[in-house]
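One structure is given here, and the rest of the page talks about it.
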Amino acid sequence: MAEEIKAEAMAEAARFQAAGEESKAPIAQDVESGAEGEAVKGEAAAESVPTLRQVFSLPEKETDPSDDNWKAFQEKVTKEVKGVKWIASMPDLAPKVCELLDIKVPNVLISAWKKVEDIQKVLAESKKTPDKIVYLELAEHTIDYNTKPSIDVKIKRATVKKLELPIQLGFKLRGFVLKIQNGGIREMQTGNCEARGSIKYGAITVAEKKLEPIKLPFSIKIPDEIAFLSQGAGNAGEKAIADAGETAPEKELERIEL
């Protein structure tokens with residue numbers, strides 16, 4: 001996917017120390033695999049994880065309530081494809097746009113953090129003691145996420161229209177802690193998360209998000225397919241996704257064909 005992710009203010013201030021699992025704050029204590037500290041799970045872990053679609057509050061079906069921006073987008077697209085001779089009726093675009101944005105917010109954050117050199121060093125170092133759990137407490141920082149997913153409208157395999165929807169989303173994060181073990185980010189303990197951004201189609205703003213908090217579960221388990229830096233480390237997770245017929249989170253849909 002064509003995206004740019006930027007993590008700031010972490011390199012010089014990220015602090016880490018082996019910690020007891022029952023505590024979010026770092027303490028001077030090593031934790032081995034299978035230790036009695038496996039306590040931070042609770043009901044919060046079962047909370048739903050928001051997607052980009054939910055962040056922007058986009059309608060999922062034509063019958064769902066929509067604002068003026070969404071209506072203007074639909075009207076513009078309808079005019080642009082007016083000359084297309086559809087074999088059947090024009091496809092419903094709302095579910096397709098939502099499918100493009102069915103990306104979980106934690107997946108975006110994990111992808112960004114793995115690009116930070118200091119975090120890469122901690123991940124590499126953790127491979128030397130695979131049974132040891134390390135908590136990495138992140139300083140307050142921001143992440144900028146930019147991508148340009150698209151929808152290809154095709155008739156008889158020929159593209160008749162391409163709808164490109166540039167997305168800009170900025171996160172402001174404070175109080176996040178990463179649980180690291182054997183080269184992977186195994187879990188994130190969340191803190192304060194605020195986000196703002198927009199989705200464009202030409203000169204039209206399809207959706208806009210003003211800076212406000214996003215509710216995340218306190219504890220989020222990280223699946224193997226996105227937990228590791230290298231492709232080799234995540235092979236088991238990638239195979240599981242392939243067996244399930246799903247798309248790997250770091251290979252999210254770049255375009256959809258109609």
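All of these numbers come straight from a predicted model, not from anything done at the bench.
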Residues in side chain to side chain contact (heavy atoms under 4.5 Å, CB included) contact with Thr51, at least two apart in sequence or another chain: Arg53, Gln54, Asp102, Lys104
Asn192 side chain reached by Phe176 side chain, heavy atoms, under 4.5 Å: no
Atom pair CD1 (Ile167) and NZ (Lys148), whose distance is rounded to the nearest 0.5 Å: 12.0 Å
Donor-acceptor contact below 3.5 Å, side chain Thr190 vs main chain Pro217: yes
Side chain to side chain donor-acceptor pair (under 3.5 Å) involving Thr129 - partner list, sequence neighbours excluded: none
Closest contact, heavy atoms only, Phe56 versus Ser198: CE2-N, 3.6 Å
With sequence neighbours excluded, residues passing side chain to side chain donor-acceptor pair (under 3.5 Å) with Lys172: none
Any side-chain heavy-atom pair of Lys162 and Ile151 under 4.5 Å: no
Stepwise side chain to side chain contact (heavy atoms under 4.5 Å, CB included) check, Ile119 with Leu178: CA-CA 10 Å; Ile119 295 178; Leu178 305 183; 4.3 Å; yes
CG-CG distance between Leu52 and Leu169, expressed to the nearest 0.5 angstrom: 6.0 Å
Flag, side chain of Glu187 to backbone of Ile222, donor-acceptor distance under 3.5 Å: no
Sub-4.5 Å side-chain heavy-atom contact between Leu58 and Leu101: yes
Side-chain heavy atoms of Lys215 within contact of Pro50, under 4.5 Å: no
Leu100 and Leu165, any side-chain heavy atoms less than 4.5 Å apart: yes
Considering all heavy atoms, the nearest Ile204-Ala72 contact: CD1-O, 3.7 Å
All salt bridge (charged side-chain N to carboxylate O under 4.0 Å, His left out) counterparts of Glu125, not counting sequence neighbours: Lys128
For Ser126 against Gly184, the heavy-atom pair lying closest together: OG-N, 4.5 Å
Spacing of CH2 belonging to Trp70 relative to OG1 belonging to Thr205, to within rounding of 0.5 Å: 13.5 Å
Ile110 to Ile226 - nearest heavy-atom pair and separation: CG2-O, 3.4 Å
CA sep, side-chain torsions, deciding dist, call: Tyr145, Val105, side chain to side chain contact (heavy atoms under 4.5 Å, CB included): CA-CA 11 Å; Tyr145 176 79; Val105 169; over 6 Å; no
Side-chain (Arg196) to main-chain (Gly170) donor-acceptor, under 3.5 angstrom: no
Qualifying residues under ring pair (Phe, Tyr, Trp, His ring centres under 6.0 Å), relative to Phe171, sequence neighbours excluded: none
Residue pair Tyr201, Lys76: steps toward the side chain to side chain contact (heavy atoms under 4.5 Å, CB included) verdict: CA-CA 9 Å; Tyr201 179 64; Lys76 181 175 175 62; 3.8 Å; yes
Asp224 to Arg186 - nearest heavy-atom pair and separation: OD1-NH1, 3.4 Å
Phe228 CZ to Lys127 NZ distance, which is reported to the nearest 0.5 Å: 8.5 Å
Pair Leu173-Thr142, side chain to side chain contact (heavy atoms under 4.5 Å, CB included): steps then yes or no: CA-CA 6 Å; Leu173 308 169; Thr142 62; over 6 Å; no
Separation between CD of Gln120 and CD of Glu117, rounded to the nearest 0.5 Å: 7.0 Å
Value rounded to 0.5 Å, distance of CH2 in Trp113 from NE2 in His141: 5.5 Å
Which atom of Cys98 lies closest to which atom of Pro59, heavy atoms considered: SG-O, 3.1 Å
Residue pair Ile199 / Pro166, side-chain heavy-atom distance below 4.5 Å: no
Salt bridge (charged side-chain N to carboxylate O under 4.0 Å, His left out): pairs with one or both residues in residues 201-212, sequence neighbours excluded: Lys209-Glu212
